[in-house]
Participant: 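Got a structure for you, written out below as structure tokens; questions coming shortly.
Values below: every heavy atom of this structure, side chains too, minus hydrogens, waters and symmetry copies.
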Amino acid sequence: MSDLICDNYALLQVLSRFGVALGFGDKTVKEVCEMNHVDCDTFLIVVNFLGEEGNRIQDHPKGLSVPALMDYLKRAHHYFLDFQLPTIRRKLIEAIDCSREDEVAFLIIKFFDAYVHEVRKHMEYENEKVFVYADKLLRGERPAGYNISVFARNHDQINAKLTELKNIIIKYYPGDADNRLLNATLFDIFSCEEDLDSHNRVEDYLFVPAIMELEKEAK
């Protein structure tokens, strides 16, 4: 497991979203998963998917656990909404001078708050509607009036406002700002955008096909 993380440090996020803590010594991936009660097949499917160029899979992967994947996605939602985005907002406020009457500074915070609102609405819908639907399928129920293709068709990308925010900061924020802090915050915004994009691809190419399989079984 330690070799896996050292080869690709971005997988630290995958570890935390499967509830795996550091300090596992020289244990193998399987041993670490067993120690943390994590479905090893699902862990490896997510790791391999995120490591693939373009993140595409041809077939529904064998051995994928829907409950384990949903737990991973829920933890990711918690990370974005309760840690990463609030942290970026605090850094933004510190990096830009909100004390003076600066229209650009006001616009930056306004855009960021609007973006966070969109992300929250998007993820709460998934938590309260999509995952509840999946849970019912797992219990052998077949809820009427909804199917996963409704979610797939409307799984809108939530990065448009973030792109606009980056452009405002890069193009228009005055150069007398503390550029070190602002650049570090901008770097966090770019990283957040990439992380959210990867999260959406896991939902599109792993979660949605898995739920489609459950729907077929329910029929």
Side-chain angles (χ1 to χ4, degrees), residues 5-6 8-22 46-47 49-51 54-55 70-131 151 154-205 207:
I5 301 305
C6 289
N8 183 2
Y9 66 87
L11 295 178
L12 283 168
Q13 297 287 22
V14 176
L15 279 185
S16 68
R17 291 168 195 177
F18 275 105
V20 177
L22 299 176
V46 172
V47 166
F49 173 75
L50 293 175
N55 299 138
M70 281 203 297
D71 186 59
Y72 167 87
L73 295 172
K74 288 174 184 177
R75 287 175 188 264
H77 290 176
H78 175 68
Y79 170 78
F80 287 122
L81 295 177
D82 300 327
F83 177 75
Q84 190 173 40
L85 292 170
T87 300
I88 291 174
R89 191 181 195 276
R90 286 195 299 270
K91 287 185 176 181
L92 262 181
I93 291 173
E94 189 179 352
I96 62 179
D97 189 357
C98 294
S99 61
R100 64 183 184 180
E101 292 187 8
D102 188 330
E103 200 170 312
V104 178
F106 172 75
L107 198 59
I108 288 171
I109 300 300
K110 181 181 177 183
F111 260 81
F112 185 78
D113 287 345
Y115 172 70
V116 172
H117 176 73
E118 282 193 9
V119 174
R120 184 172 297 279
K121 186 171 70 170
H122 175 97
M123 291 183 175
E124 285 179 351
Y125 168 77
E126 291 175 1
N127 290 341
E128 296 167 10
K129 180 71 175 181
V130 183
F131 295 156
F151 166 72
N154 297 294
H155 193 209
D156 55 329
Q157 298 303 309
I158 49 179
N159 286 339
K161 272 192 168 61
L162 202 58
T163 301
E164 200 162 354
L165 173 66
K166 290 185 303 184
N167 287 334
I168 292 171
I169 295 173
I170 293 168
K171 294 179 180 179
Y172 303 114
Y173 193 71
D176 60 350
D178 182 350
N179 283 330
R180 291 173 301 175
L181 185 53
L182 190 58
N183 288 346
T185 308
L186 195 55
F187 184 85
D188 287 348
I189 292 172
F190 274 98
S191 297
C192 179
E193 183 179 32
E194 289 177 3
D195 197 5
L196 274 166
D197 192 47
S198 293
H199 174 78
N200 284 339
R201 289 198 299 271
V202 168
E203 291 178 334
D204 288 337
Y205 295 103
F207 177 70

Participant: Applying side chain to side chain contact (heavy atoms under 4.5 Å, CB included), can you list everything that pairs with Phe83, at least two apart in sequence or on another chain?
Facilitator: Tyr79, Thr87

Participant: With sequence neighbours left out, write down each residue that passes side chain to side chain contact (heavy atoms under 4.5 Å, CB included) with Val14, or none if nothing qualifies.
Facilitator: Leu11, Phe18, Phe43, Val46, Val47, Leu50, Tyr72

Participant: With rounding to the nearest 0.5 Å, note down the distance linking CG in Leu92 to CG in Leu186.
Facilitator: 9.0 Å

Participant: Side chains of Asp195 and Gln84: does their closest heavy-atom pair fall under 4.5 Å?
Facilitator: yes

Participant: Can Phe207 and Leu73 be said to form a side chain to side chain contact (heavy atoms under 4.5 Å, CB included), step by step?
Facilitator: CA-CA 9 Å; Phe207 177 70; Leu73 295 172; 4.0 Å; yes

Participant: Rounded to the nearest 0.5 Å, what's the gap from SG on Cys192 to CG on Asp197? Could you check?
Facilitator: 11.0 Å

Participant: In chain order, what residues pass the side chain to side chain contact (heavy atoms under 4.5 Å, CB included) check against Lys74, with sequence neighbours excluded?
Facilitator: Asn127, Phe131, Asp135

Participant: Just checking, is any N or O donor in the side chain of His122 or Glu118 under 3.5 Å from an acceptor N or O on the other one?
Facilitator: no

Participant: Looking at every non-hydrogen atom in both residues, tell me the closest pair between Leu182 and Tyr173 and how far apart they are.
Facilitator: CD2-CD2, 3.7 Å

Participant: Once side-chain hydrogen bond (donor to acceptor under 3.5 Å, both in side chains) is applied, do any residues pair with Asp188, and if so which ones, sequence neighbours excluded?
Facilitator: Lys91

Participant: Would you name the heavy atoms of Thr185 and Ile88 that are closest together and state the gap between them?
Facilitator: CG2-O, 4.0 Å

Participant: Just how far is it from atom CG of Leu15 to atom CG of Leu22, taken to the nearest 0.5 Å?
Facilitator: 6.5 Å

Participant: Can you measure from CD (Glu203) to OG (Ser198) and round to the nearest 0.5 angstrom?
Facilitator: 11.5 Å

Participant: Yes or no on side chain to side chain contact (heavy atoms under 4.5 Å, CB included) for His199 and His77, after CA distance, side-chain angles and deciding distance?
Facilitator: CA-CA 9 Å; His199 174 78; His77 290 176; 3.1 Å; yes

Participant: Phe111 and Leu165: which non-hydrogen atoms are nearest, and at how many Å?
Facilitator: CB-CD1, 4.0 Å

Participant: Between Ile96 and Ile169, is the side chain to side chain contact (heavy atoms under 4.5 Å, CB included) condition met? List the steps.
Facilitator: CA-CA 10 Å; Ile96 62 179; Ile169 295 173; over 6 Å; no

Participant: Say you draw a straight line from CZ of Arg17 to CD of Gln13; how long is it, rounded to the nearest 0.5 Å?
Facilitator: 4.5 Å

Participant: Could you report the tightest heavy-atom contact between Arg75 and Gly19, atom names first, then the distance?
Facilitator: NH1-CA, 3.5 Å

Participant: Test of understanding: with salt bridge (Lys or Arg N to Asp or Glu O under 4.0 Å), list the residues that count as partners of Arg89, not counting sequence neighbours.
Facilitator: Asp113

Participant: As an exercise, state the distance from CG of Asn183 to CZ of Phe190, rounded to the nearest 0.5 Å.
Facilitator: 10.5 Å

Participant: Assess the residue pair Tyr115 and Glu164 against the criterion (side chain to side chain contact (heavy atoms under 4.5 Å, CB included)); give the C-alpha distance rounded to whole Å, side-chain angles, the decisive distance to 0.1 Å, and a yes or no.
Facilitator: CA-CA 10 Å; Tyr115 172 70; Glu164 200 162 354; over 6 Å; no

Participant: Residues two or more places apart in sequence or in another chain: which of them pass salt bridge (Lys or Arg N to Asp or Glu O under 4.0 Å) with Glu193?
Facilitator: Lys166

